[in-house]
Amino acid sequence: MAVVLDDHLVTLTCDNCGDTVAEPRVPSDGEVVWPLVSEYGWSGSPLADGAHRCAHCTRLGPASGGGPGGILGIEHLGDVTVVTVAGDVDLDTGDTLRMALRHAADMGGHVLVDLARTDLVDSTALGLLVRADRAAAERGASLCVVATSPLIRQVLQVTRLDEVFPVVRSRAEALAGLQAHR
């Protein structure tokens, strides 16, 4: 378990190197740990039950693995918030993506949703992407999606969402496009 919650403390443990940080616990819906994660420059799930990586391990690159419908990480790269998703994103797992996209919106700036480790999205995920794109546009920013799966690329093309926001094949291409948008 990456997070230990007791009555008074939240303790995060890096899944990569084992480093820990602890702060007083502030009860919240769904045990969201992002205030602690982002304060220390960590990345990972916005929820207590997800993976977390310290600032040092985050700089080493994306974590491998991940579970169905999970958020592998949220990283802040300048004015771009990168949400890395793994597994299927559907009605049962959409809340995790919803919370991650809400955090990205709260950070301001552009949003990059990396679906390179995702094989299936349903209408729940598509709706979340559309809402995130609208929220970004309202604050003068952009949303970009990385999709390598032929199925996901086809879904985005058939639904014409690839005309609403950029859909690219690599994280580097997405970051370059968002930086050019400045």
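Residues meeting the side-chain contact (heavy atoms from CB on, under 4.5 Å) test with Ser149, sequence neighbours left out: Leu151, Ile152. Ala174 pairs by the side-chain contact (heavy atoms from CB on, under 4.5 Å) definition with Leu112, Cys144, Val146, Val168, not counting sequence neighbours. Applying the side chain to side chain donor-acceptor pair (under 3.5 Å) rule to Arg102 yields no partners; only residues at least two apart in sequence or on another chain are considered. Asp90 meets the side chain to side chain donor-acceptor pair (under 3.5 Å) test with Thr93; sequence neighbours excluded. For Asp122, the side chain to side chain donor-acceptor pair (under 3.5 Å) criterion is met by Thr124, not counting sequence neighbours. With sequence neighbours excluded, the residues that form a side-chain contact (heavy atoms from CB on, under 4.5 Å) with Ser170 are Ala172, Glu173. In terms of the side-chain contact (heavy atoms from CB on, under 4.5 Å) criterion, residue partners of Leu161 (sequence neighbours excluded) are, by chain and number, Leu126, Val130, Leu156, Thr159, Val164, Phe165. Residues passing the side chain to side chain donor-acceptor pair (under 3.5 Å) test with Thr118, sequence neighbours excluded: none.
Under the 4.5 Å side-chain criterion, counting only non-hydrogen atoms from C-beta, Val111 is in contact with Leu101.
Contacts classified as salt bridge (Lys or Arg N to Asp or Glu O under 4.0 Å) and involving residues 147-167 (residues at least two apart or in different chains) are given here: Arg160-Glu163. For residues 128-144, there are no salt bridge (Lys or Arg N to Asp or Glu O under 4.0 Å) pairs, not counting sequence neighbours.
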Checklist entry - Going through the distances and angles, do Leu72 and Val85 end up as a side-chain contact (heavy atoms from CB on, under 4.5 Å)? => result CA-CA 6 Å; Leu72 282 182; Val85 183; over 6 Å; no

Checklist entry - side-chain contact (heavy atoms from CB on, under 4.5 Å) between Glu75 and Thr84: does it pass, once the steps are laid out? => result CA-CA 8 Å; Glu75 300 169 76; Thr84 304; 4.2 Å; yes

